[in-house]
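To start, the structure itself, in structure tokens.
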Amino acid sequence: MQSDALALAAPRGRLIFTVKWGASALQILGYTATGLSWTPWNLYLFLVGVVGWFAVGALWNDKALMVVHLVALGAMIAGMASG
């Protein structure tokens with residue numbers, strides 16, 4: 001895997017860099033929102049973060065990353081639908 005500095009040189013690298021750090025920030029905000037009992041905002045933040053990391057997995061062709069986030073997305077949707 002390339003370093004972030006090298007990846008930023010190409011447009012695709014900039015896209016991946018932006019998505020992965022944006023998704024990470026949103027997931028951290030989701031954890032914060034959960035800790036502060038800000039429902040349903042915590043779920044919305046997690047959903048966007050999970051979809052972002054799934055997209056990064058797809059751009060990297062990293063099946064493990066895609067599977068983990070697809071399962072997490074399915075679990076979150078199932079939980080939201082039942083609640």
Side-chain angles (χ1 to χ4, degrees):
M1 186 177 346
Q2 299 178 21
S3 74
D4 287 338
L6 291 176
L8 287 174
R12 178 181 162 94
R14 281 192 295 273
L15 171 66
I16 294 170
F17 178 88
T18 302
V19 172
K20 77 177 182 178
W21 284 106
S24 295
L26 288 171
Q27 285 190 306
I28 290 167
L29 289 172
Y31 290 119
T32 303
T34 298
L36 297 172
S37 299
W38 291 349
T39 52
W41 288 103
N42 61 334
L43 294 175
Y44 302 149
L45 292 164
F46 278 128
L47 282 172
V48 176
V50 166
V51 169
W53 269 104
F54 176 82
V56 170
L59 290 167
W60 279 345
N61 197 27
D62 185 331
K63 291 182 180 26
L65 195 57
M66 291 168 37
V67 167
V68 165
H69 288 91
L70 192 61
V71 170
L73 180 63
M76 290 178 70
I77 290 171
M80 290 171 69
S82 69

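Both backbone and side-chain heavy atoms feed into the values below; hydrogens, waters and symmetry mates do not.
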message = Check for me, please, whether Met80 and Trp41 land in the same ILVMFWY cluster - side-chain distances under 4.5 Å, paths through other members count.
response = yes
key: Transitive ILVMFWY side-chain link Leu73 to Leu43, under 4.5 Å   = yes
remark   = Distance col, row Phe54:CZ vs Leu59:CG, nearest 0.5 angstrom, shows 10.0 Å
task = To the nearest 0.5 Å, tell me how far Ile28 CD1 sits from Phe46 CZ.
result = 10.0 Å
note = Test side chain to side chain contact (heavy atoms under 4.5 Å, CB included), reference His69, set Leu65, Val67, Val71, output is Leu65
request  = Determine the sole option in Val48, Val50, Val51, Leu47 for which the side chain to side chain contact (heavy atoms under 4.5 Å, CB included) test with Leu26 is passed.
outcome  = Val48
query = Any chain of hydrophobic side-chain contacts (each under 4.5 Å) joining Ile77 to Leu45?
reply = no
key: Exercise: identify the closest heavy-atom pair between Trp53 and Gln27   = CD1-OE1, 3.4 Å
message = Please give me the minimum heavy-atom distance between Ala23 and Gly49, naming the atom from each residue.
response = CB-O, 3.5 Å
